[in-house]
Amino acid sequence: MPTVDKLLLEEALQDSPQARSLLSVFEEDAGTLTDYTNQLLQAMQRVYGAQNEMCLATQQLSRQLLAYEKQNFALGKGDEEVISTLHYFSKVVDELNGLHTELAKQLADTMVLPVIQFREKDLTEVSTLKDLFGLASNEHDQSMAKYSRLPKKKENEKMKMEIVKEVAAARRKQHLSSLQYYCALNALQYRKRAAMMEPLIGFAHGQINFFKRGAEMFSKSMDGFLSSVKDMVQSIQVELEAEADKMRVSQQELLSVSESVYTPDIDVATAQINRNLIQKTGYLNLRNKTGLVTTTWERLYFFTQGGNLMCQPRGAVAGGLIQDLDNCSVMAVDCEDRRYCFQISTPSGKPGIILQAESRKEYEEWICAVNNISRQIYLTDNPEAVAIKLNQTALQAVTPITSFGKKQESSCSSQNIKNSDIEDDKIVPKATASIPETEELIVPGTPIQFDIVLPATEFLDQNRGGRRTNPFGETEDDAFPEAEDSLLQQMFIVRFLGSMAVKTDSTTEVIYEAMRQVLAARAIHNIFRMTESHLVVTSQTLRLIDPQTQVSRACFELTSVTQFAAHQENKRLVGFVIRVPESTGEESLSTYIFESNSEGEKICYAINLGKEIIEVQKAQ
C-alpha cells in the first residue's frame, strides 16, 4: 500500500504555526470526508428505502461513486486503488439497475450500517476531539496571558506559583488533547479507505446471495475481484493497527517527559544560554499601541530569516516582515511591570518594537541573536564559526559596534583635538608613548559601579530651599548658579556605563582599559540597562542631569578632571578621570565611562575648551 500522510506527534507540544497549518490541511480533509460520507450514506439509504425507484437510486449511487475522484481531497495520496475500485463498482451498480427490489434487510445490514458506524464513531470522534483541542488551546492561551502579566515583585511569589502551575496544567492538557486529535486524524486516513470498501463488499455479496442470477452474473467476473478488494481492506486494517500501536507508544513516550517541558522559566540557574545564535524562533509577546496611553500585548510566533525579523500568526501560511535587523540595536527595557522585555531600535536610534520573552533563557538568547544578526554575521561563509569567535569575549556579546581587541601603541589623547599648541605646563596631561601594563593602571578585582547613585547628603544640599522644578523640563534661573557666569555651556546626551577606581591619571590608556573592563563586566553579568543623562559642560563644572526631573545626579569641578579621551574605534565611547581629595589627606582617582549620542571627541573638545577658559581666567 502507498504511504499515507501523517501528522508528526513530536510537533504537538511546540504548536508552531507550521504544525497548525498542516493540521488545517488534515481538518479540511476530514471535513471533505464528512461531507462525502454524508452524501454516500444518503445515496445508500435511498437504495434501501426506494424499492420502487431502485433503478433511479442505483444510478445516483453509481454517479456518487464516481464523484469520489473529483472530491480533490487535500490528502488524496494513495487513493488510486480506491478510485479504481469505485469505478469498477460503479459499472456493477449500473448492471444491477432494476434488479434489486427486495433487498431492504440485507442492504440495511451490510451496506448502510457500516457507513453509519463510520460516520457516528470515527467522524464524530474527530469532531469531538477537535472541539476539545480548541478548548484546551484557548485555556492555554488564557493561562499564558495571566503568566505574561505577572509582576516582578517578590511578594507575589504565591500568586506566581499558582499561575505557573495553571500554565503547566493547561499546557499538559493541550498537549494531551493535541496528541489524541493528531492520532485520530492520522487513523482517519486509513479508516476512510476501509469505510469506502466495506459497505460495497456487503452490497455486492448481498446481490450475489439474493438473486438466483447472482451465480451467472458474479461467479467468474466478481469473485476474484472481491477477494482482492477484501485483502486490500484487511491490509489497510493491519497497517492501521500497526500505526495505532506506534502512535500509542510514541504518545506515551512524549507524555512521560518531566514537568520542566510544560513549566516556563522553571530553573533559571541551570539554563544553558546559547550566545552564538544567528537565527532564532519562538513565541513572543508583541506590544501594540492602541491609543495615546493604551496598549495591548499579542502572543505571536517570531523567527529570523537572514537579516529580517519575521512574524507568523496562527493559521497563516507564511510570515510577514516585522523589522530589518541589519545594524539595529537591542536593549532590555522596563515596560508596564512585565518581565523579560526588550526593545529593538532602528540603526538611526529610533525606538522600534517592544517584545516580551517567556523565560529568562529565551530573553537572553533573543537579545544575543539579534545582536549577532545586526552585525550581518549571516552574510559570512561560516556564520556559526564567526559568531563563536566574536562572542569569545564578553565585550562583543553585548556591544556589537565596539571592538577593544587592539590598542594602538601611539594613541593620542582627545584633549589635543583642535588644540595642538597646548603648553606642557597646562593641567591636561598628554598621553605617553609607552603603554603601561594593566596592573599599573587598575588594581585587579577593582569593583565597578554600573549606576550613578547620588549620595543623600548631596541630594539634600542640592534641593534644600530650592524652588519647584518646572514640569516642562525648564529650570529656574538660579537652578545652576554657575551657569549664569559661565562663558561655556554645552549639553550632550549620554548613557552611563560604569565607573571604577584607578591607580594613575598620567596616561589615557587608563581610560581605554577602564572602558574594556566596564563593558566586559556588563556582558559577563548580563547588565543591559543604561542610565541616560544630560551632560552639561561649563567653564567650571561637569554636571549629569536627570532628563525627566532636571535634578543633578552628579557634579564634578572641571579642575578635578585630570584626564579625558574618546575611544579611537568606537567614537561614541568617552571617559574621564576625576581626582578627589579624601578625608585622610590623600587623593583618590576614579574613571567614569559613558556612551554618547554624538561623537565623544565633541565632549572632549568642550572639556578642553573649559579648561582653557580656566587657565585664561587664572592668568588675568
Side-chain angles (χ1 to χ4, degrees), residues 148 271 273-289 295 297-311 319 321-336 338-379 383 386-388 390-391 393-403 450 493-498 518-532 570 572-573 594-597:
S148 299
I273 300 173
N274 186 356
R275 302 186 184 279
N276 304 320
L277 295 173
I278 56 173
Q279 57 184 6
K280 179 72 176 170
T281 63
Y283 278 99
L284 295 171
N285 290 336
L286 173 65
R287 182 176 181 265
N288 295 315
K289 197 168 184 180
T295 59
W297 293 82
E298 186 178 5
R299 188 168 183 261
L300 300 170
Y301 187 82
F302 286 83
F303 61 96
T304 59
Q305 190 175 69
N308 299 322
L309 179 64
M310 312 291 288
C311 172
L321 176 64
I322 293 296
Q323 186 163 337
D324 184 0
L325 299 181
D326 286 346
N327 299 317
C328 73
S329 61
V330 58
M331 63 181 296
V333 294
D334 287 323
C335 189
E336 300 180 11
R338 286 186 174 231
R339 303 177 303 163
Y340 311 141
C341 293
F342 59 96
Q343 177 176 280
I344 302 175
S345 302
T346 62
S348 62
K350 183 179 180 181
I353 59 174
I354 296 179
L355 301 169
Q356 181 189 19
E358 180 178 294
S359 63
R360 167 70 64 177
K361 178 177 181 294
E362 288 291 303
Y363 161 77
E364 296 190 7
E365 285 189 351
W366 269 107
I367 290 179
C368 293
V370 173
N371 265 326
N372 291 335
I373 294 172
S374 69
R375 306 176 195 172
Q376 299 182 347
I377 295 176
Y378 62 92
L379 297 177
V386 174
I388 294 174
L390 289 177
N391 287 291
T393 61
L395 172 62
Q396 291 172 319
V398 70
T399 311
I401 62 172
T402 308
S403 173
F450 295 108
I493 299 176
V494 297
R495 285 171 292 280
F496 180 69
L497 297 177
V518 166
L519 289 178
R522 275 183 168 270
I524 291 171
H525 299 291
N526 297 322
I527 301 174
F528 300 106
R529 291 184 176 86
M530 295 181 287
T531 303
E532 185 172 289
N570 183 5
R572 295 195 301 169
L573 286 181
F594 297 88
E595 182 183 47
S596 173
N597 279 9

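Predicted model only: the values in this text are computed from it and were never measured. By convention here, the first residue in the shown sequence is residue 1.
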Between atom [atom1] of [X] and atom [atom2] of [Y], what is the distance when rounded to the nearest 0.5 Å?
X: Leu321; Y: Asn308; atom1: CG; atom2: CG; result: 5.0 Å
X: Glu298; Y: Ser148; atom1: CD; atom2: OG; result: 12.5 Å
X: Ile373; Y: Gln305; atom1: CD1; atom2: CD; result: 11.0 Å
X: Glu362; Y: Thr281; atom1: CD; atom2: OG1; result: 8.0 Å
X: Asn274; Y: Glu364; atom1: CG; atom2: CD; result: 12.0 Å

Which atoms form the tightest heavy-atom contact between [X] and [Y], and what is the distance?
X: Arg275; Y: Cys368; value: NH1-SG, 3.5 Å
X: Phe302; Y: Cys311; value: CE2-CB, 3.9 Å
X: Phe342; Y: Tyr363; value: CD2-CD1, 4.1 Å
X: Cys328; Y: Ser374; value: O-CB, 3.5 Å
X: Lys280; Y: Ala369; value: CB-CB, 4.0 Å
X: Leu355; Y: Ile353; value: CD1-CD1, 3.9 Å

Are side-chain heavy atoms of [X] and [Y] found at a separation under 4.5 Å?
X: Leu284; Y: Leu309; value: no
X: Ile344; Y: Ile322; value: no
X: Leu519; Y: Leu573; value: yes
X: Ile354; Y: Trp297; value: yes
X: Glu358; Y: Asn285; value: no
X: Val330; Y: Trp366; value: no
X: Gln323; Y: Thr346; value: yes

Without swapping roles, check the side chain of Asn372 against the backbone of Ile278 for a donor-acceptor pair under 3.5 Å.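 No.
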Using modelled atom types and a 3.5 Å cut-off, is there a donor and acceptor pairing between side-chain atoms of Glu595 and backbone atoms of Arg495?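 Here the side-chain-to-backbone pair does not exist.
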Scan Arg339, Arg299, Arg338 and name whichever one has a side-chain hydrogen bond (donor to acceptor under 3.5 Å, both in side chains) with Gln356.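 Single pass found, and it is Arg338.
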Any chance CD of Gln279 has more than 12 other-residue heavy atoms, nucleotides or ligands included, within less than 6.0 Å?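 No, the 6.0 Å shell around CD holds no more than 12 heavy atoms from other groups.
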